[in-house]
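Take a look at the structure set out below.
Order of appearance sets the numbers: ligands from 1, and atoms from 1 within every ligand. Source: prediction; values computed, not measured.
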Amino acid sequence: MSLITGNSFAQDIVPLPREIIKNGQSFTIDNNTKIIYDKELKNQAVLLADFLSPATGWDFEIAELGNTNTHSIVLKIADRIPMEGYELTVDKNQIIILAKSGAGIFYGIQTLMQLLPVEIYNKQRQRNITWEIEGVSIKDKPGYVWRGMMLDVSRYFFEKDYVMKYIDMMSMYKLNTLHLHLIDDSGWRLEIKKYPRLTSVGAWSGEGVARQGGFYTQEDIRELVAYAALRNIEIIPEIEVPAHTLAAIAAYPYLSCREKPVKVQDQHSISRELYCVGKESTFEFLDDVFEEAFQLFPSKFIHIGGDEARYDRWKECSHCQKRMADLGLKEEAELQVYFNQRIQSMVKKHGKTIVGWDEIIEEGLEDKAVGMVWHNKKKAFTATKLGHDIVMVFSDYLYFDFPESSIPGEVKAATWMPPISLEKVYQFNPLIEGLDEKYRPQVLGAQGALWSDQFIHGTILQEIAPINENRSEVYMDYFTFPRMSALAEVVWTNRSLQSWESFQQRMQTQYNRYDQAGFGYRVPQPKLIKKEKVEGGFIIELENIVHGAEIRFTTDGIKPNIHSEIYTKPIEISRLQDFQAITVVNRHHYSLPLYFPVAYPEFEKFGKLTGEWRVKDVLADQVMELEINATGKIKKNGSYEVTFLHTDGDTQLKIEGITVNKNRKIFADDMHSGIAGEQPESNTYSFEVDNYETGAEFKIKANISGVGGNNSNGVIYIKMKE
Ligand code: ACM
Ligand code: ZN
């Protein structure tokens, strides 16, 4: 294996190919370049022309392989090449892509796209560009066979067009599995002709203007499956059992134990309603649903969910209890294993293998299954020992609805775990520690997950787009990129070739590719190269990690914007906490700030750091309003304390009281006077929250003034009293 470095074209490929060798030549695509294909590769040839035409503005001639063709791109079958692998050779006469099948050819085409100037991804004609490709020969193949993403289209319904865009995003990075989470408590998204209420009732939630939902018709699904297949992406439907099924139960209450009418959820929580495992009618229903689903999805896998079932209903149900007694089962968990086995035998006649969340991996599940390890890592060991395959979807590495950072202003959907940075995703190894090498063939790969449960009621408060349109889709892009590119390298590139440093370098132009292709992404902050203590302060050196972007910075503690000073050389500052810098891609697209938060371990007893005041916020002997964003710090009903803590400056801060606001309405206050300074007095304020709502915005407003001057800086902490 060899990797030639110092090649500014080839180094920009993500995921990194196994072997790249330069030959010193080059090929320029022009108006006369032909696309030549081996018989069975016509679809790939047409697709390649579709990829190249918009930006170049040329209609390429496409022809079947015949006599010698000069100045052409040749797509050709070569049996010796491994599945999904390809060989790509570029010299002055020809570009040749060889592969065993269309899959490998498609990946060769994707690599070719990344060898071209980034403008090739643009949908508009790009003038004055020479479409030159450096001469290389590349040999490449993937490390894992399952390179996936899960899209939760149930909690928030993403229209077919967005799913197609998502397929484009995935296929650009050589991912090959799209797991569609089609069914959950908040919506049933798949048309089933035999059960029309699944979509006439189960696909819709809320009332009046809050009504929302939608579903894919069978025709939509056929279109998606074909669109994906051409791009070597297999769509795996998830039809959850027995929990996360409220939408189906709302449509057909007889599927549940209690048979009571219920409504499709419009706020996120996990319903306790389950399919009844005691009644045969449940299995008849599922048999019918699978029958129709399998006519739409050719994948050999069917995902049956299996996660987060709480057995309250089964415990109270005479049918379920009778089933347990008949089978001699002691616990409801065993009843779920029975349920899964019934489904296994049901889908087996269609030649399908079940996939499920790690809860399905239990002793007693006899036929081979695929476990998606998301929260119980021990299940990776259990599953492989029992002979099952596994796919890693570790929630603490690969749930992309978690924020990327804890920087104030970061976009958050789910918040129940720490941030998942780009680097953390990059460091993920599907062959987890402690898993014996001999089980490597059972580790099919890894998958990112994009849940949308937090999208249905607006927990996401931060706006990241200038226009508030398609905001859930904008958030989806933001959560996806650049982390999906890191995932791609984890599952594609040989681990011995993976390098965070090299990946960061190659990412510089990937951001440009996202821009050209119209894919949203999270702009990374400038990279800190050096922070050196010198006499009277610090020297800060930064690097721009988005090719062509600018770094802009401030040294007065105020958040930088697109008009702040441009960074050109290392900056000397006196106080670290006064420096902030952002990456500006364009006037609508810039990063969160890079900054240096100061840690105050001595203040931990006051709770969580929630706000601050600076000299600029204070006027001498004149009352000003200071706004403190407490969203995310107030997390439930209870008694809270806010404390104002002086950190530096030689004057005191007087606080004339606080008001507490939910969604911009005052609901509590504490109007006593207090002092924050070297000798604080009455500097803690109390209030009660009894109106907590997920997704609500909480702000605290304080009336403050400087006593005899404004030289006062400090921090504000919030604590919930136990
Ligand atoms: C899951 O996150 N409940 C699989
Ligand atoms: Zn029951």
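Counting only heavy atoms of the protein, atom 2 (O) of ligand 1 lies nearest to Y399 OH, 2.6 Å.
Between W357 and ligand 1, no pair of N/O atoms sits closer than 3.5 Å. Among the atoms of D307, some N or O lies under 3.5 angstrom from an N or O of ligand 1.
The aromatic rings of Y397 and F428 are tilted relative to each other, their planes meeting at an angle between 30° and 60°. Using cut-offs of 30° and 60° for the angle between ring planes, the Y195 and Y252 rings count as perpendicular. Between Y156 and F158, the ring-plane angle classifies as perpendicular under the 30° and 60° cut-offs.
Considering CD1 of I167 and NZ of K160, their distance stands at 11.0 Å, rounded to 0.5 Å.
With the Zn ion (ligand 2) as vertex, C276 SG and C320 SG subtend 100°, rounded to 10°.
Remark: S485 engages Y514 in a side-chain hydrogen bond (donor to acceptor under 3.5 Å, both in side chains) (not counting sequence neighbours).
Note on C317: counted as a metal contact of the Zn ion (ligand 2), an N/O/S atom lying under 2.8 Å.
Residue contacts with ligand 1 for H375 are absent, since no atom lies close enough (heavy atoms, distance under 4.0 Å).
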